[in-house]
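Have a look at the structure below before the remarks.
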There are 2 protein chains.
Amino acid sequence: MSTDASRRRDVTVADVAKAAQVSKAQAARALGNYGAVSEDVRERVLAAAEELNYRPNELARSMNTGKSNTIGVVVGDIENPHFGLATRGITDTAKKSGFNVILVNTDEDWAAEVDAVRVLLDKRVDGLIVAPASSVETRHLQDVHHSGRPLVLLDRTARSLNVDTVAVDMESISHESTRYLIEAGHSRIAFISTLRTDDSYATGLSLGSSQISDRRDGIMRAFREAGLKEPDDLVRFNADGPETIKKITRELLQLPDPATAIIASDGLIGLSVMEAIQDLGLTIPDDVSFLMYDDFAWTRLTRPPLTVIAQPVYEMGVAAAEALIRQIQGRKAPAAKPEFAATLVKRGSVGGPSGGKGSHHGRRKENLPAT
Amino acid sequence: MSTDASRRRDVTVADVAKAAQVSKAQAARALGNYGAVSEDVRERVLAAAEELNYRPNELARSMNTGKSNTIGVVVGDIENPHFGLATRGITDTAKKSGFNVILVNTDEDWAAEVDAVRVLLDKRVDGLIVAPASSVETRHLQDVHHSGRPLVLLDRTARSLNVDTVAVDMESISHESTRYLIEAGHSRIAFISTLRTDDSYATGLSLGSSQISDRRDGIMRAFREAGLKEPDDLVRFNADGPETIKKITRELLQLPDPATAIIASDGLIGLSVMEAIQDLGLTIPDDVSFLMYDDFAWTRLTRPPLTVIAQPVYEMGVAAAEALIRQIQGRKAPAAKPEFAATLVKRGSVGGPSGGKGSHHGRRKENLPAT
DNA sequence: GTGAAAGCGCTAACAT
DNA sequence: ATGTTAGCGCTTTCAC
């Protein structure tokens with residue numbers, strides 16, 4: 001029980017100084033521990049501060065130092081565990097270095113993102129970590145970079161932007177996964193993504209998100225290398241709600257020449273795709289093979305367990321934060337920038353094709369859950 | 001291309017004022033739009049600001065106004081979709097009212113929570129939304145409340161704290177769910193929770209989290225009402241990593257008088273419990289019945305789909321934000337504080353105790369070829 | 001309506 | 001080592 005609990009005005013250095021019988025400057029030095037302060041004074045000031053329950057006003061402090069000790073994080077969808085994990089990596093790392101994190105959700109909406117970046121800048125964050133909704137519309141990020149504020153891109157790269165970027169090599173893992181499907185006998189492989197684009201798909205179309213276009217490129221390269229016809233008609237974007245995704249899935253599966261395998265571009269999409277498949281009364285992997293990005297824990301619980309593309313999300317969050325903090329502290333870039341690789345985790349959702357055409361069951365299923 | 005892009009110092013009102021040939025005060029008024037400004041001046045100032053690419057310094061602004069237009073949110077685990085969704089409800093609502101959100105993760109660690117609250121207060125947030133790790137150790141929250149800063153509790157209540165709280169009636173839904181299990185024939189029902197506590201379980205033990213103690217109370221009440229012996233030996237806490245949870249699950253299932261039904265206190269626990277059950281070669285609901293809190297999308301994808309307790313998490317986030325903003329704006333409490341109710345979503349993971357004979361909950365496609 | 005000047009709470013010269 | 005005096009960029013009296 002110290003003195004009276006509630007106080008109208010906040011306690012300031014001036015109050016502490018008065019109580020400790022020293023100048024405001026000395027009190028400030030002791031409190032902020034910088035400059036030279038004698039042991040005696042330091043003790044008196046700290047005691048007074050304690051007694052008065054003094055709390056520094058970080059705003060005022062930030063205003064003169066120019067540092068807010070805060071980093072801003074802009075993600076598309078905090079509800080998505082993918083970002084949840086990444087965010088955790090960021091905050092854990094930031095905390096370790098004494099930084100706070102301001103999180104802003106953009107709903108993968110470009111305008112919201114522009115806004116978020118502006119707000120964060122106005123709040124004078126020391127740096128920004130952004131998972132850009134678009135890899136093409138990056139004016140707002142260019143501005144950040146040009147203004148000299150530390151910036152790190154997460155998850156998605158932006159070619160026109162020469163800034164630290166923490167992301168996995170999507171083209172390569174996409175290629176590997178597709179080859180895996182092709183080797184399992186598939187030649188009608190669909191790809192569903194949330195990417196918002198007005199244009200309908202066309203080969204070589206410049207996509208707004210490098211992440212997605214890299215995946216598409218990987219898929220198509222695998223097809224070309226296998227000498228197969230590229231399944232351009234099975235690439236679908238704008239898969240935004242569960243209903244849309246289900247509808248797309250149904251279409252894909254009921255085409256005259258239907259998809260025999262589906263790749264979901266993230267866990268949320270995967271969820272709806274699987275529901276649609278179940279609703280259709282189809283079985284994985286007998287009727288359709290399924291592969292998805294994001295190795296969520298629940299993917300081990302389904303029957304069969306899902307074959308997924310795992311990304312070291314938490315570690316990427318950590319790396320992004322580290323890179324940003326390094327920039328903020330003005331240290332030079334690390335010797336080698338960490339390379340993150342996604343891995344194909346083969347479980348049980350990929351089998352051979354069986355659709356309308358020749359269903360060669362010759363190929364054996366993946367390792368099924370032990371009974 | 002306006003003038004030179006990068007500038008050493010930020011543009012301030014003074015710069016704008018000079019450019020617009022007015023006093024600093026007038027420029028500030030026009031920019032912050034308050035006070036009286038003539039049309040002519042306003043236009044000139046705005047034009048100049050635009051030209052100079054002026055951005056207000058929110059820190060300085062906050063310093064005089066005392067408002068930061070920011071609300072702080074403290075949650076235990078951002079990685080948990082439960083909080084992810086709630087957070088989304090909060091940010092969506094906050095944005096609508098022009099508030100920004102600072103998110104801090106505490107890892108359900110009490111010390112980290114105390115720290116988080118302090119940091120947020122130091123940053124002069126306008127208000128706080130906290131999902132308290134403990135319902136007992138609430139000194140830091142008491143302080144917040146006493147200091148007059150708006151505060152809203154989310155998810156968990158704190159009896160000793162008379163502040164706006166947004167949470168569901170856990171005792172009641174827990175009671176309902178337990179009765180449901182009892183009616184299905186179970187009398188050996190286990191409950192697993194992450195709650196950190198040093199004491200081993202004992203009836204009536206005062207638990208740190210009201211959420212958890214309410215659930216336990218609901219369970220026990222159902223047992224008493226049914227005239228059954230309360231399964232005190234099946235209540236387990238400190239279930240913190242996947243391995244711990246699996247171990248606990250195994251123990252529970254291999255007791256001389258084993259549990260025939262398990263209630264997982266959240267989705268993350270549920271995941272590991274299910275894995276353990278699968279590892280044991282047991283089948284749900286034939287060998288064990290399973291019920292869990294949180295209606296995550298993937299619970300519809302398992303075989304059988306899971307019977308869960310759904311909470312209106314997003315709506316609760318919205319309500320919490322609304323309540324907080326109301327406090328911040330000094331408006332009075334609403335006529336009736338919204339009551340949130342969890343609902344028992346009966347799917348297929350609950351059956352009878354001795355081998356699915358009481359399995360009246362199956363749906364059509366539920367018992368598909370799991371093997 | 002407008003401008004001069006006084007802060008907000010703190011840090012940062014600059015003296016002493 | 002300590003105190004004095006300026007600011008940081010903005011809002012806010014308070015005169016005019």
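Reminder, nothing fancy here: chain letters follow the sequence lines and each chain counts from 1. Just the heavy atoms: all of them, side chains too, but no hydrogens, waters or symmetry mates, feed the values below.
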Could you state the atom-to-atom distance from CZ of B:Arg61 to P of D:dC8 in whole Å?
18 Å
Heavy atoms of other groups near B:Gln329 CD, more than 12 under 6.0 Å
yes
If only atom types and distance count, is the side chain of B:Asp155 paired as donor or acceptor with the main-chain N or O of B:Ala167 below 3.5 Å?
no
Could you check whether any side-chain N or O of A:Lys95 sits under 3.5 Å from a backbone N or O of B:Val104, counting only pairs where one atom can act as donor and the other as acceptor?
no
Separation of D:dG3 C1' from A:Arg44 CZ (nearest whole Å)
14 Å
Contact between A:Leu154 and A:Ile90 at the side-chain level, heavy atoms closer than 4.5 Å - yes or no?
yes
N/O (side chain, B:Gln26) to phosphate O (OP1/OP2, C:dT2) under 4.0 Å:
yes
Near DNA chain C, counting only heavy atoms under 4.0 Å, which residues of residues 29-43 of chain B show up?
B:Arg29, B:Ala36, B:Val37, B:Ser38, B:Val41
Does a sphere of radius 6.0 Å around CZ in A:Arg331 hold more than 12 heavy atoms from other residues, nucleotides or ligands, not counting ones at 6.0 Å or beyond?
yes
What residues from residues 15-25 of chain A pass a heavy-atom cutoff of under 4.0 Å to DNA chain C?
A:Lys24, A:Ala25
Short side-chain to backbone donor-acceptor contact, A:Asp109 and A:Thr106, under 3.5 Å
no
Do A:Val144 and A:Leu128 come within less than 4.5 Å of each other through their side chains, counting heavy atoms only?
yes
Under a 3.5 Å distance rule, please check whether B:Asp164 uses its side chain to pair with a backbone N or O of B:Val152 as donor and acceptor.
no
A:Asn64 CG to C:dC8 P, straight-line distance once rounded to whole Å:
14 Å
Does anything in residues 118-126 of chain B come within less than 4.0 Å of DNA chain C? Heavy atoms only, and list the residues if so.
none
Could you tell me how far apart B:Met63 (CE) and C:dA6 (P) are, to the nearest whole angstrom?
17 Å
Heavy-atom side-chain contact between B:Asp126 and B:Phe99 under 4.5 Å
yes
Please report, rounded to the nearest Å, how far the P atom of D:dG9 is from the CG atom of B:Asn57.
7 Å
If you measure only the distance, is there a donor-acceptor pair under 3.5 Å linking the side chains of A:Thr157 and A:Thr165?
no
Examine distances only and state if a side-chain atom of A:Thr138 and a backbone atom of A:Leu141 form a donor-acceptor pair shorter than 3.5 Å.
no
